[in-house]
Amino acid sequence: MEHRIPRYTLEGVRGAEVSVHPFSTEDELGLTLTRFHGEDCDDVVLLVHGLTSSSDMFVMPEHRNLVSFLLDGGFGDVWTLDFRMSNRYPYNLETRRQSLDDIAAFDHPAAMTELRRHVGARRIHVIAHCLGSVSFQMSLFGGALDGVTSMVANSVGLTPRVSAWARVKLTLGPALLEYGLGLSHLDPRFNEAPPFTRRRLLSWLVSYFHPECREPACHMQSFMWGSGRPAMYRHGNLAPRTHVHERLADLNGAADVNYYRHIGKMVRAGRAVKCDPGNPLHAGLPDDYLARAGQVTTPVLFMTGDHNDVFSDSNIVCHRILSKRAPGRHELQVLPGYGHIDPLIGRNAHVDVFPRILDFLKRHAG
């Protein structure tokens, strides 16, 4: 299929020196940092994607993207991380039974170590989305890493909350998919599977209940995440070139269903907790990631759309809890007319959202 926008393109960022920095985790996965260097500066920004997406969400060429906005806004050294959730890797398609604890224990600490190797003692600011935000905060508030000057957390933090229908999907979905349909992952591209296969039939069934548009990838993403028509964004916030089947599937790919088990456990607990407290690989992490939250001095901007149909009011609740433990340290921005991911990939995000992020970063920069 011919793509209107090439997959993994970097043409959305111009005028910066681009370099790729591979590294490995202690549990032997290969990951990548990509550097966009415009000029030397004392403040470095690291961008972290969510589950099923990748660093591509930050460099989209169809509108003014976050990397370009930061480079032009005085932050001349911007890095993007592709960790094990990235759709640039095959890890989401493997039956590895991975959890967010693996990411908190291995991915983010290794990424920060590699980043420090290049930038030294300069200040590091993190902007993270979705489960990239949850897992990074698990690492940060769980004591697996430090040295983060500030953080922007989009959509969700340490208190994942979802709608009633999403709770049902989290509770029943993983077992039904793995043992009932023999599927260890979900993919927005299921509509491209051969006719009458389980993947194609599931896509057809999902699309039957989503008459709001004609894009099967959009329907599958709503099935995979949250509850809404659509669930992940407001249609009007996306550029027309973004809301086409192949582009949506490129930006938000396959998801390993075992992650849903861990998210479901967190939702039931009301906070970020370990998936398997007895796993010796995660012995260095706390069972309750909120336990020492008041001791972490990194200020966090909790950001969410007021139409967040994936993680509802998660960041509002997390900000309220952390503000009681560390009054005045953290901030909250509720974005009118935005949903879950469109604050970062929306066609007008550079007008409505990015300036708020930039203001926060500048107030915590040198």
Side-chain angles (χ1 to χ4, degrees), residues 24-31 48-54 81-87 89-112 128-145 153 155-162 166-167 169-179 183-187 224-226 252-293 310-311 314 318:
S24 298
T25 64
E26 288 189 12
D27 65 340
E28 301 177 337
L29 289 186
L31 308 179
V48 182
H49 61 80
L51 178 58
T52 84
S53 55
S54 70
L81 169 64
D82 281 283
F83 61 104
R84 75 183 65 199
M85 282 183 173
S86 173
N87 65 49
Y89 299 124
Y91 307 137
N92 288 330
L93 305 177
E94 300 172 351
T95 53
R96 298 174 59 90
R97 288 295 175 101
Q98 299 171 111
S99 72
L100 275 75
D101 297 317
D102 294 307
I103 300 167
F106 302 118
D107 294 21
H108 297 313
M112 288 292 289
H129 168 65
C130 188
L131 297 185
S133 172
V134 176
S135 58
F136 195 90
Q137 288 191 27
M138 288 163 61
S139 243
L140 178 63
F141 288 89
L145 57 82
S155 183
V156 60
L158 292 176
T159 57
R161 292 161 60 89
V162 300
R167 275 177 171 261
K169 291 193 290 183
L170 287 172
T171 301
L172 303 178
L176 287 175
L177 288 166
E178 281 193 327
Y179 298 106
L183 298 173
S184 63
H185 69 274
L186 291 173
D187 194 332
M224 292 164 65
W225 297 107
N252 301 288
D256 180 344
V257 301
N258 197 59
Y259 286 122
Y260 295 132
R261 291 188 173 92
H262 196 180
I263 300 165
K265 185 172 183 178
M266 292 183 184
V267 168
R268 290 188 292 273
R271 64 195 184 283
V273 294
K274 275 183 177 175
C275 186
D276 178 10
N279 190 334
L281 294 176
H282 308 140
L285 295 171
D287 292 345
D288 180 352
Y289 289 95
L290 273 175
R292 61 184 297 270
V310 176
F311 284 110
S314 298
C318 195

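These numbers come from a predicted model, not from an experiment.
In E26, the CD atom is not crowded: 12 or fewer heavy atoms of neighbouring residues, nucleotides or ligands sit closer than 6.0 Å.
For the residue pair H129 and S155, no side-chain donor N or O sits within less than 3.5 Å of a side-chain acceptor on the partner. Between the side chains of H282 and D102, at least one donor-acceptor pair of N or O atoms lies under 3.5 Å.
Of all non-hydrogen atoms in V156 and A153, the two that sit nearest each other are O-CB, 4.2 Å. Of all the heavy atoms in K265 and P277, the pair that sits closest is NZ-CD, 3.7 Å. Considering every non-hydrogen atom in both L285 and G142, the closest pair reads CD2-O, 4.3 Å. When all heavy atoms are compared, the tightest approach of G50 to C130 is CA-CB, 4.0 Å. Closest heavy-atom contact between G253 and D187: C-OD1, 4.3 Å. A128 approaches S133 most closely through the heavy-atom pair CB-CA, 3.6 Å.
Proximity of a side-chain donor or acceptor of D101 to a complementary backbone N or O of C275 within less than 3.5 Å is detected. Remark: the backbone N or O of A254 is paired with a side-chain donor or acceptor of N92 at under 3.5 angstrom. Side-chain atoms of S139 come within 3.5 Å of backbone atoms of A104 as a donor-acceptor pair (strictly under, hydrogens ignored). When atom types are taken as modelled, the side chain of T159 and the backbone of S314 share a donor-acceptor pair closer than 3.5 angstrom. Formation of a donor-acceptor pair under 3.5 Å by the Y260 side chain with backbone atoms of M224 is found in this model.
The CG atom of L290 lies 5.5 Å from the CG atom of D288; values are rounded to the nearest 0.5 Å. Here H262 contributes atom NE2 and S135 contributes atom OG; the two are 10.5 Å apart, rounded to the nearest 0.5 Å. Considering CG of L100 and CD of Q137, their distance stands at 11.5 Å, rounded to 0.5 Å. Distance CD1/I103 to CG/L51: 7.5 Å, rounded to 0.5 Å. Here the straight-line distance linking atom CE of M138 with atom CG of L131 works out to 9.5 Å at 0.5 Å rounding. In this structure, the separation between OG on S53 and CG on N252 is 5.5 Å, given to the nearest 0.5 Å.
A salt bridge links R97 with E178: the closest approach of a Lys/Arg side-chain nitrogen to an acidic carboxylate oxygen falls below 4.0 angstrom. Note on D27 versus R84: salt bridge recorded, some NZ/NE/NH1/NH2 to OD/OE distance being below 4.0 Å. Using a 4.0 Å cut-off between a side-chain N of Lys or Arg and a carboxylate O of Asp or Glu, R96 and D256 do not qualify as a salt bridge.
Using a 4.5 Å cut-off on side-chain heavy atoms (C-beta onward), D107 and L31 make contact. Using a 4.5 Å cut-off on side-chain heavy atoms (C-beta onward), R161 and V267 make no contact. The shortest side-chain heavy-atom distance between F83 and T25 does not fall under the 4.5 Å cut-off. Looking at R268 and I263, their side chains never come closer than 4.5 Å, going by heavy atoms from C-beta outward. Looking at H49 and N87, their side chains never come closer than 4.5 Å, going by heavy atoms from C-beta outward.
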Test log, rule side-chain contact (heavy atoms from CB on, under 4.5 Å), inputs L29 and Q98
CA-CA 12 Å; L29 289 186; Q98 299 171 111; 3.8 Å; yes
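A tilted orientation is assigned to the rings of F311 and W225, their planes being inclined by 30° to 60°.
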